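Structure first, commentary second.
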2 protein chains.
Amino acid sequence: MLSRSIEDYIKTVYELQGENQRVFTKDIARSMGVKMPSVSGMVKHLAAEGYLSHKPYKGVLLTKRGQRIAVDLLRRHRLIELFLNKTLGIPWDEIHEDAEVLEHVISNKLIERIFNFLGRPKFDPHGHTIPGKDGNLPLSRGVPLDKVSEGETGRVVEVSDHDPEFLRYLTGMKLKIGSEVQVKERAPFGGPIILKVERQSLAIGLDAARRIRVDIKKKVGKRSN
Amino acid sequence: MLSRSIEDYIKTVYELQGENQRVFTKDIARSMGVKMPSVSGMVKHLAAEGYLSHKPYKGVLLTKRGQRIAVDLLRRHRLIELFLNKTLGIPWDEIHEDAEVLEHVISNKLIERIFNFLGRPKFDPHGHTIPGKDGNLPLSRGVPLDKVSEGETGRVVEVSDHDPEFLRYLTGMKLKIGSEVQVKERAPFGGPIILKVERQSLAIGLDAARRIRVDIKKKVGKRSN
DNA sequence: TCTTAAAGTTTGCCGAACCTAACTATTTAA
DNA sequence: TTAAATAGTTAGGTTCGGCAAACTTTAAGA
């Protein structure tokens, strides 16, 4: 049985490493709220156990074994979020912290019961894909909103879940999974993106737009490319 | 924040102390699966923190403060059991171990949400009363089945939840909360009790009978006492 | 190139919660 | 009443996960 702490380190590296970029001691320390020597020590341990590879002074990279643990945690996390949301009606900006704790302690048996109870779902309340029991993580749908060109219309399919403040901001603007949005205007020099949502006009910052993924609606009656 | 370990010690003392009898090092050690020196050490710590009083060589007793923590845990435990049973349909012989872990990590906010979701229930799936948020523990209903006289009829209202084997034994005999039972015969010298359940005759050992509480049905047309 | 700032590591320490071994108090029974 | 058995405690050690202080490596700029 892996300790809570070890699981958290692996998870943090997974989140920071993005598209397989090396992850540095300082970033792990900042993200976990511990000091660098603690990270150095744990990294050495995790490397010895084969969860990640470590080039001293050059950062770490998860091994297959480490990846698998991180993806399993992600499965747990997302199923727990969906479960809390569906049963207790806990809003999407409040489920993350509870799931953060529960993902480490809920038994596999319970997770599979939850999975079946929820009807073997594909997405969590933020629209994130739910990894399979086999460790397979389906690709995200859609594209980041900040990549969408003027005039295009799409449906919100996924939003970043780490910052509750951001989720409340979305809620305040009536943006949710499934909302239809049209990009009316993209201000230059990193300026806001002007959206049309439910006949309302709405300005949204670039940082926020990057955290929203939309499925572009194919224009009918016009061929693209 | 109390550690998992501290909460478990307090809970164990609570369970062992019954009607305010002193609890001994050996019993705590056996019940928790640790060695006696670990208990001595922790007891000293818990006494210093005011959770229990300790007379060396003479056992411990929870203080008001300790009692309160134990009862809060009991509330959490029972609400979690009921929640898992109601939502996921987990049978009564399997909910205990999950609840055992979850009671330590689920936030108060989540517990109160669960409480409301369940309709502010009074009993868990084993018929145990659920303590209030204020630390008030309602009395158990009914009387132990081994105290019921021959000829009397009652309804099962509560069963002990610690031994899954026992719960499966009850399930196998179609005994559940709400079952109507009549004591047909009580064998002498600690022999079995013969019950009538759903027109079936059924022999049940004294140890089992002690773990079942029934609400005696007042005989109509006859005055008692 | 050389110096300095930043990042990373090593060393040695701490507290929590466990352990074994050795010692002490209490209870029991000869 | 006293010896042995049982229960409890103390002393000292381990592992885990964290820390500060001191040192090393790498990167950046003069």
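First the proteins, then the strands, lettered A, B, ... as listed; each starts at 1. Note that this is a predicted model, so its numbers are computed, not measured.
- Shown for residues 100-107 of chain B: no residue has heavy atoms falling under 4.0 angstrom of DNA chain C.
- DNA chain C is contacted by Val34(B), Lys35(B), Pro37(B), Ser38(B) of residues 28-41 of chain B, taking any non-hydrogen atom closer than 4.0 Å.
- In this pair, Phe117(B) and Phe83(B) present their aromatic rings perpendicular. The plane angle is above 60°, beyond the 30 to 60° band.
- Counting only residues at least two apart or on different chains, the side chain to side chain donor-acceptor pair (under 3.5 Å) pairs with a member in residues 13-27 of chain A are Asp27(A)-Arg30(A).
- Thr63(A) places a side-chain N or O within donor-acceptor distance of the main-chain N or O of Gly50(A), the cut-off being under 3.5 Å.
- Remark: side-chain polar atoms of Asn85(B) are paired, donor with acceptor, to backbone N or O of Ile90(B) under 3.5 angstrom.
- On the nucleic acid side, DNA chain C contacts chain A at distances under 4.0 Å to non-hydrogen atoms, with the end points of that region at dA7(C) to dT10(C).
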What N/O pairs connect the protein and nucleotides 13-16 of chain D at under 3.5 Å? Give each pair on its own line.
none

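- Looking at heavy atoms from C-beta onward, Met173(B) lies in side-chain contact with Leu170(B) at the 4.5 angstrom threshold.
- A side chain to side chain donor-acceptor pair (under 3.5 Å) check over residues 203-212 of chain A, counting only residues at least two apart or in different chains, returns the pairs Asp207(A)-Arg210(A).
- With Arg186(A) contributing its side chain and Asp146(A) its backbone, the two residues share a donor-acceptor pair below 3.5 Å.
- In terms of the ring pair (Phe, Tyr, Trp, His ring centres under 6.0 Å) criterion, residue partners of His96(B) (sequence neighbours excluded) are, by chain and number, His77(B), His162(B).
- Between Glu94(A) and Arg168(A) no salt bridge is recorded (no basic side-chain N to carboxylate O distance below 4.0 Å).
- Taking Tyr9(B) as the reference, nothing meets the ring pair (Phe, Tyr, Trp, His ring centres under 6.0 Å) condition, with sequence neighbours excluded.
- Looking at every heavy atom in both residues, Ile193(A) comes nearest to Ala209(A) through CD1-CB, 3.8 Å.
- Across residues 53-63 of chain B, Tyr57(B), Lys58(B) each have a non-hydrogen atom less than 4.0 Å from an atom of DNA chain C (numbered order).
- A heavy-atom distance below 4.5 Å is not found between the side chains of Val157(B) and Ser140(B).
- Listed in residue order, the members of residues 7-27 of chain A having a heavy atom less than 4.0 Å from DNA chain C are Phe24(A), Thr25(A), Lys26(A).
- Put simply, the side chain of Arg213(B) gets close to the backbone of Gly142(B): a donor and an acceptor are under 3.5 Å apart.
- Sequence neighbours left out, not one pair with a member in residues 28-70 of chain B passes ring pair (Phe, Tyr, Trp, His ring centres under 6.0 Å).
- Within the structure, side chain to side chain donor-acceptor pair (under 3.5 Å) contacts touching residues 129-138 of chain A (residues at least two apart or in different chains) do not occur.
- Looking only at distances, no side-chain donor or acceptor of Arg141(B) sits under 3.5 Å from a matching main-chain atom of Glu158(B).
- Side chains of Arg4(B) and Val105(B) form no contact here, defined as non-hydrogen atoms less than 4.5 Å apart.
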